[in-house]
Amino acid sequence: MSAFYVTTPIYYPNAEPHAGNAYTTIAADVLARYHRLKGNEVCFLTGVDEHAANVYNAAKEEGLSPQAYCDKIAPTFVQLWERLNISHDIFFRTTSDLHKRGAQNFLNVLYDNGDVYKGKYEGYYCLSCEEFFSEKELTDEKVCPTHKLPLQWLEEENYFFRLSKYQDRLIAHFHENPDFVYPATRRNELLNFLESGLQDVSISRASLPWGIPFPFDPEHIIYIWIEALSNYITALGFEVESEEFRTFWPANVHMMGKDIARFHALLWPAMLMAANLPLPKQIVAHGWLTKDGEALSKTRGIFIDMDGDIATYGVDAFRYYLLREFSFGNDGDYRPARLDQRYNADLANDLGNLLNRVLGLVNKNFEGIPAPTTPGDFDTEIKEMAQTTAEQLDTRMKTFAFDSALETIWEFVRRVNRYVQQTEVWTLAKPETKPRMGTILYNSLEALRYISVLLSPFIPDTAEKIQQQIGLAEFDSVAEWGHLPVDLKVSRGEPIFPRVDLKKQQAPQPKESTKPKKKTAKQETDLISFTEFQKLDLRVGCVISAETIEGADRLLKLQVDLGTEKRQVVAGIAEHYKPASLIGKQVIVVVNLEPATIRNVESHGMILAASGDSVVLASPETEVPLGTQVS
RNA sequence: CGCAGGGUAGAGCAGUCUGGUAGCUCGUCGGGCUCAUAACCCGGAGGACGUGGGUUCAAAUCCCACCCCUGCAACCA
């Protein structure tokens with residue numbers, strides 16, 4: 001028995017958890033459960049990263065203190081993990097005393113070892129983001145990419161970590177441990193980055209209102225990434241040299257999305273080196289999820305409807321789909337239609353139906369599970385396949401190939417279906433063949449029990465249901481052929497995955513499930529008074545010329561005749577309208593909007609358009625005199 | 001030359017690192033079975049592996065060039 005420590009990142013509780021968080025956490029859960037099954041002592045850590053600037057901002061928007069806001073959001077993560085059957089051992093919050101003390105302690109160690117020094121940090125700073133931006137990220141105008149506000153040039157005393165010092169040791173570590181980062185593409189990417197040179201990183205922020213102060217200089221707050229990464233050891237009680245820490249550190253697997261692999265594979269190990277602590281064994285980064293081919297986006301209302309899909313198909317189907325359909329490490333496209341197919345084909349037809357047909361035969365012909373008295377064709381093949389399936393599963397799990405791991409198990413499921421077919425068990429009810437019938441049914445049930453064991457890390461509820469229906473009072477997790485006792489009373493066999501009739505569900509809403517939601521949310525928050533509305537000066541104008549703007553894919557430069565005057569207006573409609581098609585068209589213009597320069601082109605006003613999936617210009621129903629007011 | 005990912009049967013994908021009969025699921029066509037959730041089993045059809053060059057006895061796989069798609073970033077006043 002050995003220790004196995006697996007972690008997810010701590011997630012930002014600035015909003016409720018999303019499908020991406022769920023994906024990472026489910027994958028980590030499978031590993032944790034798999035290693036428990038193998039008899040290892042497992043610690044599975046997940047949690048929330050509460051001292052983030054976006055958490056602070058979200059709290060401010062809701063008029064709550066950051067701590068109160070966290071106290072409200074953190075439970076939504078726990079609730080989701082419960083719903084998804086996540087078997088974490090620790091749900092860690094970075095506002096806990098254990099973490100605060102631990103993070104400070106960790107910093108002290110780095111400081112004492114001489115790898116923290118005071119320097120000057122300078123750059124463009126956005127007051128709203130509370131963030132510095134590098135020259136590279138900015139255009140000539142020096143405005144904040146998100147807030148569009150002018151940035152300030154700030155110089156700030158900061159503490160730095162000597163990351164550069166560890167460059168060579170990191171490179172050596174990458175070479176000596178080819179599996180340090182999974183998948184290989186990510187590893188190569190990071191190795192390239194490493195070899196191009198590392199710079200020291202700033203690890204403090206001066207006088208932020210929300211964060212953990214430096215132990216040796218309370219004027220400074222520990223930079224969020226430094227603080228967050230340290231959770232992997234503080235959660236174990238590193239600063240008190242706890243039993244857990246000695247048992248579980250170094251971690252076996254840090255699981256995460258590919259975007260944060262760099263922090264975990266370079267910065268974190270370097271800090272651990274500086275603290276003379278052993279490095280995690282593997283950094284495992286999975287790909288992104290998209291939805292029906294589109295990137296998930298809160299603002300565009302593209303999200304994975306976890307609640308809906310779980311309600312329709314069940315948690316296990318959701319887990320199964322995520323793990324079976326996508327090759328871990330690559331990006332994956334979440335398609336509800338595919339989930340439906342997987343559910344019906346794999347879970348209902350192959351697995352559920354197999355259990356059902358075997359139980360039916362047992363019930364019809366025997367009092368309980370019959371004894372395997374009469375060997376015959378295919379029996380050894382089935383027994384051996386159980387064994388090889390378990391071995392193959394082991395290989396697949398070592399490389400996080402959850403998809404082919406499940407495929408391997410399903411090959412066995414199909415083989416058992418074939419076994420039932422080949423032997424034509426149902427024809428063997430005559431007295432002279434009944435012992436053989438009993439043997440085949442025993443083997444089939446034992447195969448199903450065996451399968452349930454192999455499946456239990458992936459779809460734990462289903463695994464239990466299978467064994468319950470077979471009649472086992474307690475879950476038997478022994479992957480050894482012949483463990484199934486004889487004479488057990490078998491249940492009647494309610495389908496564990498009733499088929500879902502998609503047509504019934506589909507009819508009501510064809511495609512626009514997301515848009516309305518967005519609108520109602522807007523209406524609630526953004527009510528304006530009539531006086532405010534009156535401030536808008538809207539007028540009818542006519543497009544007299546239109547041309548594209550170099551270097552801008554979405555913009556058109558328009559000249560609009562408003563009757564009394566002509567205006568130049570920039571409009572973001574280039575993807576939907578050809579310049580020529582606009583000329584002569586009547587449009588509605590916001591006239592009293594402050595001028596702006598976009599892409600070096602001046603714009604004096606704004607053209608109204610309906611913008612959803614496509615963009616359609618607003619236009620008077622019939623022609624009206626130019627300059628007519630719209631209200 | 002902004003960054004990243006991808007182009008393999010009708011659809012969705014694996015295979016590419018470590019060259020050597022092109023594979024999986026769904027769909028489709030034909031057959032079998034009737035124990036079971038209109039489920040299960042057997043068989044078939046369907047592929048210039050984006051394009052062009054190169055290396056090699058041999059290329060989906062290695063090298064070079066190009067084309068096309070999709071995200072992200074920059075613009076959407």
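Residue numbering restarts at 1 for every chain, and letters A, B, ... go by the order of the sequence lines.
Rounded to whole Å, the C1' atom of B/A22 lies 8 Å from the corresponding atom of B/A60. Between B/A36 and B/A45, the two C1' atoms lie 30 Å apart (nearest whole Å). Nucleotides B/C13 and B/U18 are separated by 22 Å at their C1' atoms, to the nearest Å.
The side chain of A/Asn353 lies closest to B/C40, out of B/C76, B/C24, B/C40. Of all nucleotides listed (B/G5, B/C26, B/G12), B/G5 comes nearest to the side chain of A/Arg186. When each of B/A14, B/C40, B/U34 is scored by its nearest atom to the side-chain atoms of A/Trp426, the top-ranked nucleotide is B/U34. Among B/G32, B/U37, B/G12, the nucleotide with an atom closest to any side-chain atom of A/Gln421 is B/G32.
A/Gln341 and A/Arg338 share a side-chain donor-acceptor pair at under 3.5 Å.
Pairing for B/U56 is absent, with no Watson-Crick or G-U wobble pair whose two atom distances lie under 3.5 Å. Partner assigned to B/G30 is B/C42, using Watson-Crick or G-U wobble distances below 3.5 angstrom. Of the nucleotides present, B/C69 is the one that pairs with B/G5 by Watson-Crick or G-U wobble criteria, both distances under 3.5 Å. Using Watson-Crick or G-U wobble geometry with both donor-acceptor distances under 3.5 Å, B/G23 finds its partner in B/C13. Across all strands shown, B/U18 remains unpaired; no Watson-Crick or G-U wobble contact has both distances below 3.5 Å.
Contact annotation: A/Lys258 side-chain N/O to B/A4 OP1/OP2 distance is not under 4.0 Å. Taking 4.0 angstrom as the limit, A/Arg418 places a side-chain polar atom (N or O) nearer than this to OP1 or OP2 of B/C42. Note on A/Asn356: every side-chain N or O is 4.0 Å or more away from OP1 and OP2 of B/A39. Taking only side-chain nitrogens and oxygens, A/Ser327 comes nearer than 4.0 Å to OP1 or OP2 of B/A14. Here A/Arg499 does not reach the OP1 or OP2 of B/A38: none of its side-chain N or O atoms lies under 4.0 Å away.
Here A/Ile409 contributes atom CD1 and A/Phe458 contributes atom CZ; the two are 5.0 Å apart, rounded to the nearest 0.5 Å. How far CG of A/Asp333 is from CG of A/Leu289: 9.0 Å, rounded to the nearest 0.5 Å.
As judged by a 4.0 angstrom heavy-atom cut-off over every strand, A/Val570 is placed among residues touching the sugar-phosphate backbone only. No contact: A/Gln422 has no heavy atom under 4.0 Å from any strand. Nucleic acid contact class of A/Phe326 (heavy atoms, under 4.0 Å, all strands): none. In this structure, A/Asn417 reaches the sugar-phosphate backbone alone: every heavy-atom distance under 4.0 Å involves primed, P, OP1 or OP2 atoms, never a base. Among the heavy atoms of the strands lying under 4.0 Å from A/Asp350 are primed sugar atoms or P, OP1, OP2 only; no base atom is included. Base engagement by A/Ile496 is indicated by at least one non-hydrogen atom pair under 4.0 Å involving a base atom.
For the ring pair (Phe, Tyr, Trp, His ring centres under 6.0 Å) with A/Tyr320, the qualifying choice from A/Phe326, A/Phe402, A/Trp410 is A/Trp410, the only one to do so.
A cation-pi arrangement, defined by a distance under 6.0 Å to the six-membered ring centre and an angle within 45 degrees of its axis, is present between A/Lys434 and A/Phe366.
Taking the ring centroids of A/Tyr343 and A/Phe497, they lie under the 6.0 Å cut-off.
Between A/Val413 and A/Ala345, the residue whose closest nucleotide on RNA chain B is further toward the 5' end is A/Ala345.
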